[in-house]
Amino acid sequence: MTELILSLDVLDRKQAVSVAESCAPFIDAIKIGYPLVLSTGLSIVSDLADLALPLIADFKVADIPNTNRLICEAVFSAGFDAVIAHGFVGADAARTCVEVAHRHSGAAYIVAEMSHPGATEFFHGGVAERIAELAVTCRADGIIAPATRPERIARLREIVGSKAIYSPGVGAQGGDPDEVARLVDGIIVGRSIYEAENPGAEAERLSRIRR
Ligand code: NUP
């Protein structure tokens, strides 16, 4: 069954908790990034803890190994279960994120190719493929690949095999959940859910169409 991951990019703490609560029965994890953490602080992690859902820190960590280590230690100490890191920084820096995650019994996912139109400027031409290979070599738990380009997901699947692929870009960015759900381990959905009149109902609808 393809997982459904809520991307909780709202800025208000109360709204974040209320959207998360209404979606909780229909989702498999919550992804939190800079917008929410910079608005509320890391205490949002404890506000969401009662839901007992895995929390993924989408900080796209992209620094030297030592700084990546410090960032990831802070992420897991705050109570997150997984972190998203960039792979273009190289194997040493990406591997540091994976090692810290695993030391905390958590997971690390490497961004192989991004979903927005501009991502093709640098990720295409072999770079995404090389990052996917790096994710395998570094023993990452999976990769992030674009729901906006199913053919690219299929190509990256050839490289990562049974490793998890999580895919943002469904809905607001144009990706088709039906098509993408067949190719990936989890779809990541933000605006289509939290901007809906009834976020819980939208999450329930998406949870039914996933394979
Ligand atoms: O390539 C990526 N594309 C992407 O949209 C990598 C990501 N991590 N994301 C994130 O997924 C993005 O920052 C946002 O948090 C979420 C997609 O949200 P939405 O387009 O469904 O609202």
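Scope of the values below: all heavy atoms of this structure, side chains included, with no hydrogens, waters or symmetry mates. Atoms within a ligand are numbered from 1 in the order they appear, just like the ligands themselves.
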Open item on the list: Ignoring hydrogens, what is the shortest heavy-atom contact between R69 and V100? Give both atom names and the distance.
Closed with: CG-CG2, 4.0 Å
TODO: If a pair satisfies ring-ring contact (aromatic ring centres under 6.0 Å, His included) and one of its residues is in residues 150-189, list it, with sequence neighbours excluded.
DONE: Y109-Y166
Could you list each N/O atom of ligand 1 together with any protein N/O atom closer than 3.5 Å, one pair per line with the distance?
| unit_1 | atom_1 | unit_2 | atom_2 | d |
| --- | --- | --- | --- | --- |
| ligand 1 | 1 (O) | S115 | N | 2.9 |
| ligand 1 | 3 (N) | S115 | OG | 2.6 |
| ligand 1 | 5 (O) | S115 | OG | 3.4 |
| ligand 1 | 5 (O) | Q173 | NE2 | 2.8 |
| ligand 1 | 8 (N) | D58 | OD2 | 2.8 |
| ligand 1 | 8 (N) | K60 | NZ | 3.0 |
| ligand 1 | 15 (O) | S7 | OG | 3.0 |
| ligand 1 | 15 (O) | D9 | OD2 | 2.6 |
| ligand 1 | 15 (O) | K31 | NZ | 2.8 |
| ligand 1 | 20 (O) | Q173 | NE2 | 2.8 |
| ligand 1 | 20 (O) | R191 | NH2 | 2.8 |
| ligand 1 | 21 (O) | G190 | N | 2.8 |
| ligand 1 | 22 (O) | R191 | N | 2.8 |
| ligand 1 | 22 (O) | R191 | NE | 2.8 |

Open item on the list: Can you confirm whether more than 12 heavy atoms, excluding those of R130, are under 6.0 Å from its CZ atom?
Closed with: no
Open item on the list: Is a donor from one side chain sitting under 3.5 angstrom from an acceptor on the other, for R13 and S43?
Closed with: yes
- [ ] State whether a side-chain donor-acceptor pair under 3.5 Å links D81 with H104.
- [x] no
Open item on the list: Looking at every heavy atom in both A140 and K163, which two are closest together, and how far apart are they?
Closed with: O-NZ, 2.6 Å
